[in-house]
Amino acid sequence: MNSKKVRTRFAPSPTGFMHVGNLRTALYSYLLAKKAGGVFILRIEDTDQTRYVEGAVEMICHILKETGLRYDEGPDVGGDYGPYVQSQRQEIYREYAHRLITTNDAYYCFCDKERLDKIREECRIAKIDPKYDGHCRKLPPEEIQKNLEAKKPFVIRQKMPASGDTIFDDKVFGTIKVDFAQLDDQVLMKADGLPTYNFANVIDDHLMEITHIIRGSEFLISTPKYNQLYRALGWEIPTLVHVPPVMKAAGQKMSKRLGDASYDDFIKKGYLKDAIINYIALLGWSPGDNREIFTLPELVNAFDINNINKAPAIFDEVKLNWLNGEYIRKLSLDEFHQMALPYIKQASYLTPIDVRKVSRLLQPRVEKLIDIPGQIDFIDSVPDYRLDLYAHQKMKSTPATAIQFLKSALPVLNTIDIWNEEHIHTAVFELIDQLKIKTGQLLWPLRIALSGKQSTPGGFIEIAYLLGKEETIKRVEEAIRRLGTEKVAGAS
RNA sequence: GGUCCCAUCGUCUAGUGGCCCAGGACGCCGGCCUCUCACGCCGGCAACACGGGUUCGAAUCCCGUUGGGAUCACCA
């Protein structure tokens with residue numbers, strides 16, 4: 001049996017939202033399968049029609065493909081174990097549910113919501129675990145028959161042992177012991193004729209010959225219920241791999257409501273898909289050595305479920321920022337330029353600038369694409385700024401020296417015929433030599449005059465080149481005018 | 001609350017009885033580079049939750065405490 005080909009599955013429900021914890025589960029499932037040369041499957045768990053979101057399946061398929069987590073079998077790619085959408089497998093579940101009734105491992109339950117609520121309320125008052133009381137377990141066959149014929153709504157419940165322990169092994173958590181007494185007679189088939197996740201998942205995993213189940217650790221406690229089902233059906237229990245949750249910084253589980261935890265949101269903010277995948281791979285898993293940068297194929301190679309951590313991991317966007325920056329810097333200029341262009345245009349569409357040059361300046365300074373507009377907002381026009389920006393201790397610049405050197409620079413700038421970085425550089429540094437001043441004393445005020453910003457991508461020469469001669473001179477003149485007429489705030 | 005699980009720097013983690021007065025990374029701080037910022041380079045701060053055992057020896061094993069997470073649906 002061990003020689004069976006490894007088959008793993010990612011089984012999301014189409015609720016229109018792929019949060020990073022889910023994506024990580026998909027990643028681990030993919031890695032585990034591919035590491036073993038096995039098959040990765042996508043199965044859609046849409047048995048709760050009330051939560052179904054239009055277009056969610058397409059979104060899931062798209063994200064998996066985009067991130068490189070290509071599934072070998074799935075709703076849109078087919079395979080020998082289909083259909084891969086649970087709502088299309090109703091007959092299958094019905095058949096097995098009835099088989100369980102025949103073998104006395106499950107039973108019809110006709111209790112309505114009111115009665116169930118009452119039981120729960122009674123349990124609450126008695127301070128015991130809320131559990132179904134087994135009322136319909138002992139219904140006489142005639143009554144069941146009568147109810148069925150009367151078309152009374154029913155569910156099918158699983159018969160759980162009333163007492164005793166059950167033990168199972170999990171690849172990351174080890175041996176887990178659970179008391180049957182706290183396990184409810186869970187519903188297998190709902191009144192609407194659809195199976196619950198708890199049931200469908202067991203049936204499908206077996207029928208699809210899943211060898212390793214990778215899922216969130218929130219299923220750890222209910223695992224014995226599934227195991228009972230496997231036993232009742234005479235099926236082999238797959239290898240269990242439960243992974244701890246991904247938490248939001250505050251120590252709360254990641255959720256849609258808590259913030260931008262979805263894959264889409266990160267993409268919108270200008271994170272690279274490879275960086276996201278790389279980062280979440282490291283969230284709760286470690287390669288064992290100190291390596292941190294991995295391509296997907298490298299992850300496949302390095303992955304080992306023995307190195308999955310048991311404790312919940314907190315998602316750290318700051319570290320993702322760094323990793324994303326690493327990925328951005330590794331891009332070729334062309335690649336980066338292509339990605340950056342929309343964001344550059346967002347900030348500047350008036351000035352006919354050398355956009356490639358902007359990208360070159362930006363690339364080592366950008367962590368996520370969405371930061372770009374704010375970094376180059378000075379290109380179209382100088383933002384409002386305070387004149388005390390001209391004071392810079394380390395540059396040995398003050399508003400007084402600034403106006404003086406700006407004035408000396410003006411004629412020099414005017415004489416530059418060929419407006420490129422080389423010529424601007426030569427001219428400006430000749431002036432610095434002449435004046436016998438520190439480079440910063442001239443270059444700092446010039447840069448401020450052009451940008452109105454404390455920091456910019458590139459220095460004066462690069463920005464001057466970008467803006468062009470005319471605009472540069474115009475801005476320097478304006479700075480001189482302001483310095484000559486306005487009082488410097490805070491100056492004494 | 002019952003039950004299950006977990007616990008190394010702020011965060012992600014290495015560590016599976018001696019190699020650890022605990023290693024890497026992010027962040028933070030300092031320095032170098034430098035026309036600003038960033039990149040890059042160098043350095044620094046910073047953790048075995050606590051208390052008992054076991055052992056010649058414990059971050060590593062056991063027990064308890066504390067803290068955290070999960071679960072108790074006709075949701076997955």
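Lettering follows sequence order; numbering is per chain, from 1. All values below were derived from every heavy atom in this structure, side-chain atoms included, with hydrogens, water molecules and symmetry-related copies excluded.
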Using the [atom1] atom as the reference point in each nucleotide, state the distance between [N] and [M] in Å, no decimals.
| N | M | atom1 | result |
| --- | --- | --- | --- |
| B/rC41 | B/rC56 | P | 48 Å |
| B/rG2 | B/rU60 | P | 28 Å |
| B/rU54 | B/rU66 | C1' | 23 Å |
| B/rU16 | B/rG10 | C1' | 27 Å |
| B/rU8 | B/rU3 | P | 24 Å |
| B/rC19 | B/rG57 | P | 14 Å |
| B/rG69 | B/rA47 | P | 24 Å |
| B/rG43 | B/rA7 | C1' | 32 Å |

Taking atom [atom2] of [N] as reference, at what distance in whole Å does atom [atom1] of [X] sit?
| X | N | atom1 | atom2 | answer |
| --- | --- | --- | --- | --- |
| A/Arg360 | B/rA38 | CZ | C1' | 16 Å |
| A/Asp316 | B/rG10 | CG | P | 13 Å |
| A/Lys394 | B/rG31 | NZ | P | 9 Å |

Charged tip of A/Arg157 within 45° of A/Tyr132 ring normal and under 6.0 Å
yes

Using the ring of A/Tyr385 (Phe, Tyr or Trp, six-membered ring only), decide whether A/Arg482 places NZ or CZ under 6.0 Å from its centre and within 45 degrees of its axis.
yes

Can you tell me which nucleotide in [options] comes closest to the side chain of [X]?
| X | options | answer |
| --- | --- | --- |
| A/Val318 | B/rC5, B/rG27, B/rG2 | B/rG27 |
| A/Arg51 | B/rU36, B/rC75, B/rU3 | B/rC75 |
| A/Val155 | B/rC74, B/rU3, B/rA70 | B/rC74 |
| A/Thr456 | B/rU36, B/rC74, B/rG69 | B/rU36 |
| A/Glu292 | B/rA76, B/rG24, B/rC37 | B/rG24 |

How is [X] classified with respect to the nucleic acid when contacts are heavy atoms under 4.0 Å: base, sugar-phosphate, or nothing?
| X | value |
| --- | --- |
| A/Phe219 | base |
| A/Asp192 | nothing |
| A/Leu194 | nothing |
| A/Ile461 | base |
| A/Glu45 | sugar-phosphate |
| A/Ile221 | base |
| A/Met189 | nothing |

Check A/Arg360 with A/Glu462, please: is the shortest side-chain N to carboxylate O separation under 4.0 Å?
no

Please tell me if the side chains of A/Asn198 and A/Leu188 come closer than 4.5 Å, counting only heavy atoms from C-beta onward.
no

So, A/His242 versus A/Ser217: side-chain donor-acceptor pair below 3.5 Å or not?
no

Contacts of A/Leu320 and A/Ala191 projected onto RNA chain B by closest heavy atom; the upstream (5') one is A/Leu320

Please step through side chain to side chain contact (heavy atoms under 4.5 Å, CB included) for the pair A/Ile214 and A/Thr8, ending with a clear verdict.
CA-CA 7 Å; A/Ile214 295 103; A/Thr8 68; 4.0 Å; yes

